[in-house]
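This report refers to the structure that appears directly beneath it.
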Amino acid sequence: MRLVVIGNGMVGSRFVEDLLRRDTNGKYDVTVLGAEGCEPYNRVLLSEVVAGRYDLTSLTLPTPDHPRLTVLRGTAAAAIDRQDRVVTTTDGSRHRYDQLVLATGAAARIPPLAGLDNGTSILPLGVHALRSIDDAREIIAATLNSRRAVVLGAGVLGIETASGLAQRGCAVTIVHPADALMERQLDTSASSVLASAMPELGIHPRIGVGAEAAVVANGRLTGIRLTDGDVVESDLLLVATGTIANTAIAAEAGIPCERGVLVDDSSTTADARIFAIGDCAQPPSGAMGLVAQGWDQARALADRLTGTTVRGRGADTTSSDVVRVKAHGLDVVTMGVCGGSRVDDPAQRTLSLSDPDAGRHVEVVVSGDRLVGATCIGAGQVAADLVAAYTRRTPVPSDPARLLLTALSAAPVAATTPDALPDDAAVCRCNSVTKADIAEAHACGARSVDEIAKETRATTGCGGCKDEVCGLLGWLNEHAPAAAVR
């Protein structure tokens with residue numbers, strides 16, 4: 001059966017890897033059309049590249065070497081003929097399919113600001129978005145001659161890139177029109193704690209005020225005029241105002257689209273032969289914009305198409321909404337029920353500890369004997385424990401206030417040390433990798449983080465588990481039996 005995948009990014013490439021691992025009967029011949037000319041890479045860590053903590057080569061994701069797989073890089077799909085079941089590319093080639101998977105992702109949303117909307121798709125010099133490896137290269141190059149930067153948008157990406165620019169020596173102003181930073185994850189109390197920690201890191205938040213225009217002279221950015229009339233001088237503008245799903249090829253083929261390509265719970269579009277996963281898809285439950293959700297969709301679709309499930313790689317629904325901010329000096333983790341716009345539920349009990357002077361804010365939301373949400377700022381050990389309780393669905397203490405008590409103590413919590421960690425505990429939640437999975441890879445000879453990543457995918461998602469993997473690997477090197485011969 002001929003399967004064509006449009007998109008070779010994080011979700012498209014993961015789907016192909018999952019499918020081929022499951023397709024032991026040789027049902028599918030797979031062709032991947034990737035618009036970018038490079039190997040698939042981890043977009044989630046692009047902000048880490050801007051900050052100088054990763055180099056671009058370390059972002060590359062593995063591509064299966066398989067006799068039934070053809071990957072065409074630098075080949076963009078142009079049109080879908082649903083009647084003839086053919087995908088045509090921009091170079092005129094034609095690819096027949098029996099089933100088609102859309103993993104076209106999303107593009108950076110550029111707001112219609114005066115000074116940016118010049119009737120072309122070319123932005124003024126000094127204005128950038130961060131969506132691709134090329135974007136990261138251009139931003140890094142721009143920081144060599146920039147000392148003042150503005151980041152427009154204070155969602156997760158905006159805060160991460162603001163931190164990265166500050167790390168490269170720019171004085172950064174982050175502009176956000178909402179009443180709270182990261183308002184999808186933080187309420188105003190949590191936001192104020194986060195905002196108070198920013199100035200000493202070289203980041204100056206402007207909350208509740210938006211951008212009115214980009215001030216441009218001779219085709220180059222010189223500043224940003226805000227809605228309150230202030231003008232912030234700037235050599236560099238980083239736009240982090242969200243994304244727009246790449247739905248054009250689906251819409252032109254007559255497949256219903258709204259914010260994304262409309263799919264049912266099985267990722268099937270209105271055409272039973274065509275599926276959509278990742279940032280381009282709009283499932284009934286809504287899209288979260290997190291790669292873990294796209295990977296869950298990829299895994300589930302691979303299961304469905306092959307009728308199999310690979311051990312240890314089942315979807316972990318609670319891992320999809322754990323958010324970690326990767327920013328130097330800003331320790332932010334949220335999960336489940338959080339943010340200022342959450343629905344008031346009388347069955348939920350909320351407890352919080354807020355200490356702005358110490359840069360610390362912890363809030364937990366409990367329903368019955370389960371943790372259903374949490375917000376942690378400046379409390380790394382507490383966050384690690386709460387993520388474990390949330391993703392593993394362990395019962396909370398009879399007095400949920402005990403969940404906050406570790407925030408008042410510097411003592412480590414024994415339950416999260418490697419020797420006390422249960423074998424089925426999730427270490428890399430993006431990829432549903434357990435302690436047992438890592439121990440098995442170690443027993444087969446994996447001795448470095450890169451080797452563990454190759455064998456299990458651990459650390460290849462948000463990167464937030466890298467320290468945990470390193471700690472577990474060090475413990476295994478000291479305590480585990482010698483490796484088996486491969």
Side-chain angles (χ1 to χ4, degrees), residues 42 44-45 48 53-55 58-59 61-62 292 295 310-316 318-319 322-326 328 331-333 335 362 371 374 376 378-397 402-403 405-486:
N42 191 334
V44 176
L45 297 180
E48 298 276 79
R53 290 189 288 272
Y54 282 79
D55 58 54
S58 66
L59 269 58
L61 298 174
W295 281 350
V310 172
R311 184 197 68 79
R313 294 291 181 269
D316 180 358
T318 62
S319 71
V322 176
V323 174
R324 296 176 179 82
V325 175
K326 300 176 292 298
H328 174 72
D331 185 359
V332 183
V333 179
M335 64 206 80
V362 182
L371 181 69
C376 297
Q381 182 59 60
V382 180
D385 296 337
L386 292 177
V387 168
Y390 177 68
T391 57
R392 288 155 57 184
R393 302 180 180 89
T394 54
V396 301
R402 293 179 179 274
L403 293 169
L405 293 182
T406 50
L408 302 175
S409 171
V413 180
T416 58
T417 59
D419 57 334
L421 202 64
D423 286 344
D424 63 352
V427 177
C428 175
R429 294 165 188 89
C430 292
N431 292 292
S432 301
V433 180
T434 65
K435 174 186 174 180
D437 293 326
I438 292 176
E440 182 180 341
H442 181 271
C444 292
R447 289 293 182 270
S448 69
V449 173
D450 287 345
E451 289 172 344
I452 292 290
K454 183 177 180 181
E455 293 297 321
T456 69
R457 297 175 177 166
T459 75
T460 64
C462 71
C465 66
K466 191 169 185 179
D467 289 343
E468 199 170 351
V469 171
C470 286
L472 179 56
L473 185 57
W475 179 81
L476 287 168
N477 286 338
E478 183 176 351
H479 295 91
V485 178
R486 294 193 183 200

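Values in this document were obtained by computation on a predicted structure and should not be read as measured data.
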In Å, rounded to the nearest 0.5 Å, how long is the span from CD of Gln381 to SG of Cys376?
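If I round to the nearest 0.5 Å, the distance is 11.0 Å.
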
Just verifying a value: how many Å separate Asn42 CG and Ser58 OG, rounded to the nearest 0.5 Å?
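It comes to 9.0 Å.
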
Check: [Y] main-chain N/O paired with [X] side-chain donor or acceptor under 3.5 Å:
{"X": "Asp331", "Y": "Gly380", "value": "yes"}
{"X": "Asp385", "Y": "Val382", "value": "no"}
{"X": "Glu455", "Y": "Ile452", "value": "no"}

Identify which one of Thr391, Val396, Val362 satisfies the side chain to side chain contact (heavy atoms under 4.5 Å, CB included) criterion when paired with Leu386.
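Filter result, single survivor: Val362.
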
Quick one: do Asp437 and Lys435 satisfy side-chain contact (heavy atoms from CB on, under 4.5 Å)? Show the steps, please.
CA-CA 5 Å; Asp437 293 326; Lys435 174 186 174 180; over 6 Å; no

What do the steps show when you test Arg53 against Glu48 for salt bridge (Lys or Arg N to Asp or Glu O under 4.0 Å), and what is the final call?
CA-CA 5 Å; Arg53 290 189 288 272; Glu48 298 276 79; 2.6 Å; yes

Please list, one pair per line, the donor and acceptor atoms closer than 3.5 Å that link side chains of residues 469-476 to other protein atoms, with sequence neighbours excluded.
| residue | atom | partner | partner atom | Å |
| --- | --- | --- | --- | --- |
| Trp475 | NE1 | His479 | ND1 | 3.2 |

Find out whether [X] and [Y] are in side-chain contact, i.e. whether some heavy atom of one side chain is under 4.5 Å from a heavy atom of the other.
{"X": "Val325", "Y": "Val333", "result": "no"}
{"X": "Glu440", "Y": "Thr456", "result": "no"}
{"X": "Thr434", "Y": "Val427", "result": "no"}

Under the side-chain hydrogen bond (donor to acceptor under 3.5 Å, both in side chains) test, residues paired with Asn477 that sit two or more places apart:
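For Asn477 the side-chain hydrogen bond (donor to acceptor under 3.5 Å, both in side chains) partners, ignoring immediate neighbours, are His442.
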
Over all heavy atoms of both residues, which pair between Leu59 and Tyr54 is shortest? Give the atoms and the distance, please.
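Looks like CD1-CB, 4.0 Å.
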
